[in-house]
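Heads up, the thing below is written out as structure tokens.
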Amino acid sequence: MSYRIGVLLGDDIGLEVVPVAVEVATAAAEHAGATVDWQELPIGRAAYDTLGSTLPDGTLQTLQTLDGWVLGPIGHQAYPKTPKAINPHPILRKHFDLFANIRPAKSYPSLKSLHKDVDLVIFRENNEGFQPDRNMVAGSGEFRPTEDITLSMRVITRRACLNIARAAFKAALTRKKQVTAVHKDTVFKLGCGMFAEACKEVALEFPDVAFNEVMVDTMALKLVMAPQPFDVLVTTNMFGDILSDLAAGLVGGLGMAPALSAGPNHAMAQATHGSAPDIAGGGIANPYAMIMSVQMLFEWLGQRNQDRGLLAAATLIERAVSEIIAEGNALTPDLGGLSSTQEMGRAVTERVSFLEVAAL
Ligand code: ATP
């Protein structure tokens with residue numbers, strides 16, 4: 001089976017880490033015998049400067065026809081304040097119903113990190129909650145009726161809660177079989193209450209998966225003090241956003257935080273980090289998060305299509321990255337190394353091609 005995957009570079013360090021991730025993934029696919037046709041599409045500041053829009057006509061339509069895509073970080077804070085310079089990524093998430101934002105946090109024995117033996121994944125609901133750019137069809141979920149009062153609306157639907165809970169429990173079956181729902185229904189009795197009800201309902205469908213609930217403030221404490229026991233965390237949008245940055249901080253920083261946004265028919269590889277304008281152009285951005293986001297996309301597509309080739313490509317990437325990290329000779333400065341983004345990427349690409357596919 002062959003796949004068509006879009007490449008949207010994004011802004012700032014996206015221009016550095018996305019090509020590296022595609023290079024690694026191309027080598028892995030070729031080596032594992034999977035056929036991937038990469039298709040670059042315009043988005044972000046470069047698209048605005050050349051085509052007059054940060055999400056040009058045609059990009060959405062083409063994405064619809066693809067199996068998935070890679071989205072680099074978006075530097076929307078620096079966009080000009082005009083209607084054609086919108087932040088495209090909430091639109092992509094909503095348009096393709098990418099309701100599950102899946103954010104793993106994994107420590108590596110050889111890397112400096114606050115904690116060792118961390119291997120957890122956060123399933124964050126992606127399309128509603130407090131985020132005002134996602135929770136309304138028209139208008140904004142935030143408004144200011146007087147100079148001194150601001151209201152921020154949080155949208156919680158049963159459908160979205162059930163969807164994210166099911167995705168989390170399914171993933172737990174392939175891991176340590178343990179789901180923790182994170183919310184605060186002691187205070188948000190209706191909003192978090194509905195989320196908790198949905199999680200409990202779905203838990204009954206998965207008797208082999210252990211289930212518990214932790215209040216979000218307690219979870220912040222537990223993650224900082226002892227994150228090791230956790231496996232799959234499932235939570236609403238904003239809590240997930242905050243906790244996934246916290247989890248990245250436990251294992252070495254944002255450069256170590258890959259992510260996938262997945263929906264019923266499409267998935268988008270998009271690292272947790274932003275466009276990091278402070279380091280853009282310096283060749284020092286850690287490509288791990290972007291490489292492993294594409295690895296997650298391969299795994300998602302491979303499982304969906306029961307495609308051994310693409311699953312093997314995903315395993316190759318994971319192994320190659322682990323080996324390069326363990327050896328420690330080609331790491332970016334945030335990981336304590338002296339290598340550039342491209343040098344770390346090249347080391348992973350070479351290792352991917354060197355590994356035995358038959359041994360997987
Ligand atoms: P956003 O609001 O768009 O998510 P942010 O405000 O969280 O962005 P980032 O752009 O993610 O900010 O950057 C936060 C810090 O992490 C910056 O100091 C940045 O340099 C660092 N950082 C982010 N990504 C990487 C990376 N891939 N490699 C190294 N450092 C990174």
Side-chain angles (χ1 to χ4, degrees), residues 3-26 36-98 101 126-127 131-134 136-138 140 241 254-255 258-263 265-287 289-291 293-294 296-297 341-342 345:
Y3 298 87
R4 291 171 64 229
I5 298 184
V7 178
L8 302 110
L9 294 176
D11 301 308
D12 300 319
I13 63 165
L15 309 184
E16 299 163 66
V17 293
V18 174
V20 163
V22 171
E23 181 189 306
V24 169
T26 303
V36 177
D37 173 21
W38 303 95
Q39 194 163 341
E40 197 171 318
L41 294 167
I43 202 158
R45 181 70 204 218
Y48 180 79
D49 290 341
T50 52
L51 302 165
S53 168
T54 51
L55 186 58
D57 290 344
T59 292
L60 271 188
Q61 289 83 337
T62 305
L63 290 177
Q64 189 78 46
T65 68
L66 302 180
D67 295 297
W69 59 91
V70 182
L71 175 66
I74 297 293
H76 63 97
Q77 301 288 6
Y79 289 173
K81 304 287 171 252
T82 78
K84 288 286 186 190
I86 43 147
N87 176 3
H89 96 231
I91 295 176
L92 296 177
R93 287 171 165 181
K94 200 82 184 174
H95 184 83
F96 293 101
D97 193 16
L98 304 177
N101 190 206
N126 215 11
N127 278 338
Q131 270 70 351
D133 55 358
R134 276 167 238 180
M136 307 286 274
V137 168
S140 167
D241 194 25
L254 279 174
L260 186 75
S261 288
N265 301 310
H266 296 89
M268 167 170 92
Q270 184 196 13
T272 295
H273 60 71
S275 69
D278 55 333
I279 58 166
I284 56 165
N286 180 354
M290 205 66 241
I291 292 171
S293 301
V294 182
M296 292 174 75
L297 176 61
T341 310
Q342 287 74 15

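Taken from NZ in Lys84 to CG in Leu55, the straight-line distance is 9.5 Å, to the nearest 0.5 Å. If you take CG on Asp11 and CZ on Arg45, they are separated by 8.5 Å, rounding to the nearest 0.5 Å. Note: Thr59 OG1 to Ile43 CD1 = 6.0 Å, rounded to the nearest 0.5 Å.
Looking at Val7 and Leu41, their side chains never come closer than 4.5 Å, going by heavy atoms from C-beta outward. Between Thr65 and Arg4, some side-chain heavy-atom pair lies under the 4.5 Å cut-off. Ser261 places none of its side-chain heavy atoms less than 4.5 Å from the side chain of Met296. Residues Asn286 and His273 form no side-chain contact, since every pair of their non-hydrogen atoms from C-beta on lies 4.5 Å or further apart. A heavy-atom distance below 4.5 Å is not found between the side chains of Val294 and Val24. Residues Pro73 and Asp12 are not in side-chain contact: their nearest non-hydrogen atoms beyond the backbone lie 4.5 Å or more apart. A heavy-atom distance below 4.5 Å is found between the side chains of Asn101 and Arg93. Considering only heavy atoms from C-beta on, Leu63 stays 4.5 Å or farther from His95 through its side chain.
Around CG of Asp57, the count of heavy atoms belonging to other residues, nucleotides or ligands within 6.0 Å does not exceed 12.
Taking each heavy atom of Tyr79 and Gly44 in turn, the nearest pair found is OH-CA, 3.2 Å. Closest of all the heavy-atom pairs between Gly14 and Pro19 is O-CD, 3.6 Å. Residues Ala259 and Thr272 come closest through the heavy atom pair CB-OG1, 3.7 Å. Shown here for Ala47 and Pro56, the closest heavy-atom pair between the two residues is CB-CG, 3.7 Å. Scanning all heavy atoms of the two residues, the minimum distance from Lys81 to Gln77 falls at NZ-O, 3.6 Å.
Looking only at distances, a side-chain donor or acceptor of Thr62 sits under 3.5 Å from a matching main-chain atom of Gly58. Looking only at distances, no side-chain donor or acceptor of Glu23 sits under 3.5 Å from a matching main-chain atom of Val20. A side-chain donor-acceptor contact under 3.5 Å links Asn126 to the backbone of Leu98. The backbone N or O of Ile86 lies less than 3.5 Å from a partner atom in the side chain of Thr54, making a donor-acceptor pair. Judged by distance alone, the side chain of Gln270 and the main-chain N or O of Ser293 form no donor-acceptor pair under 3.5 Å. Looking only at distances, no side-chain donor or acceptor of Thr341 sits under 3.5 Å from a matching main-chain atom of Pro287.
Of the options Leu8, Ile5, Leu9, Val17, a side chain to side chain contact (heavy atoms under 4.5 Å, CB included) to Val70 is made by Ile5 and by none of the others.
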Report task. Decide side-chain contact (heavy atoms from CB on, under 4.5 Å) for Gln39 and Trp69; before the verdict, give the C-alpha distance in whole Å, the side-chain angles of both, and the deciding distance to 0.1 Å. Result -> CA-CA 9 Å; Gln39 194 163 341; Trp69 59 91; over 6 Å; no
